[in-house]
Amino acid sequence: MAPEVEEQEERWARLLPELLQEVVRRVEASGGERWPARKDVLSCAGVCRRWRDAAVAVVRPPAVSGKITFPSSLKQPGTREFPMQCFIKRNKKNSTFYLYLGLTTATVDKGKFLMAARRFRRGPHTEYIISLDADDLSQGSNAYLGKLRSDFWGTNFKVYDSKPPYDGAKASSSRSSRRFGSRRISPQVSSGNYEVGQLSYKYNLLKSRGPRRMYCALECPSTQDTWENSLKTKVRKPMGTTVLRNKAPRWHEHLQCWCLNFHGRVTVASVKNFQLAAAADPNDPTSSKDAETVLLQFGKVDDDIFTMDYRQPLSAFQAFAISLSSFGTKLACE
C-alpha cells in the first residue's frame, strides 16, 4: 500500500467513535422509513478496517444486532435477551395492515416500515397477502413475502412462505415460477407458497365473555444461520416444529375481567390481545421455565394501532402472520 493511501486511511480511522457511530447510523437510516441502499453500507465498509467493523455490525442478523436493516432480516429469528418491539396500524376501509419497527422506547412512534398485509375473501376462505410493498399487495407482486389463509370459521389458519424453509421443500401451489424483483429476499430462490406453520383457536364455552385459546405449530428459522455462516452452508435441513400456546390470563375480581401483564405495551382491553410462549414438554422438566418466557405478545393501544413484540425463535414475518390471525371474527369462538 502506498504511503499516501496509508496516511489517508489512518486519518479516517482516527475519527472520533461518536462521529463514526453517527455516520453508520445515518447510513442505516438512509432508506427513510423503508430500506437503506446496500451500496451505501458497502461504501462505508470500504473506508478502512475500523469503518468496516462498524458497518458489519449494521448488517448482522437481528439475533445478533437487534436491528432489521435489510429485507432478509424479516425472515430471520429475533433476539433472545429482549423482544423486538414493533407495532401494527390497521386501515379498516381497505382491510390493510402495516407493520413498523419501533425506533424509540415509546409505545408507538413513527417507526420503520417493514411489511404490509391485505385481507381478501377467497370463496369460503380468508387470505392475508403479506408484501414488502405497502402499495402492491397481490400474490403476483415481486414484493410478495407469503400469506396467511383461514378456514370458513376463522379458527384454523395456515402460514405460507414465499421461499422454501429448507432444501427440498415442496411448494403448496403452482406459483413457484415467479421470482422477486430488485427487492427480492433471495435472488437464487423461486417464489412460491411453502407451508411453514399452522394456527388454531380453540372453541370457547364462555364465548365472548372468556379468553381465546391459541395453539401454533411453526417451522422456525435456524438461529445458527447467521449472515456469516450462511455463505458456508450448502444444505439447509428441516429445523423441526416449534409449538406455542397462549398464556392463560387471570380473572381480576376488582376489574371484573381477564388480565395479562403486558408491561405497559398494551393499554386497551380487547379479546384480540394475547401472549404466546413455548408449550411445556411433559418429558422435559426444565421446559416449564421456558414456558414462562413470552415469545410473542400482541395487543391494542388505540382504535387501529396494536403493538407486536417478538423474540427467538420467531421471525418478524412469522410474528406478523400470527398477529394477523387475531383480526376478524372467530365464528366458533365468539
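In what follows, every heavy atom counts, from backbone to side chain, and hydrogens, waters and symmetry copies are set aside. What you are looking at is a predicted structure, and each value in this text was computed from that prediction instead of being measured.
In this structure, the side chains of Q297 and R265 come closer than 4.5 Å at one or more pairs of heavy atoms. Proximity of L132 to L74: side-chain heavy atoms (C-beta onward) are separated by under 4.5 Å at one or more points.
R90 meets the side-chain hydrogen bond (donor to acceptor under 3.5 Å, both in side chains) test with D304; sequence neighbours excluded. Checked against side-chain contact (heavy atoms from CB on, under 4.5 Å), Q198 has the following partners two or more places apart in sequence or in another chain: K158, E195.
Formation of a donor-acceptor pair under 3.5 Å by the K112 side chain with backbone atoms of I68 is found in this model. With hydrogens and angles ignored, the 3.5 Å screen pairs no side-chain donor or acceptor of Q318 with any backbone N or O of Q76. A donor-acceptor distance shorter than 3.5 angstrom exists from the side chain of D151 to the backbone of T155, with no hydrogens or angles considered. In this structure, the side chain of S162 engages the main chain of L145 through a donor-acceptor pair within 3.5 Å.
A cation-pi contact, defined as under 6.0 Å to the ring centre and within 45° of the axis, links K147 to Y160. Geometrically, R122 engages F120 in a cation-pi contact, judged by NZ or CZ lying under 6.0 Å from the ring centre and within 45° of the ring axis.
Partner Y100 forms a ring pair (Phe, Tyr, Trp, His ring centres under 6.0 Å) with one of F320, F306, F87 and no other, that one being F87.
With rounding to the nearest 0.5 angstrom, the NE2 atom of H125 is 12.0 Å from the CZ atom of F157.
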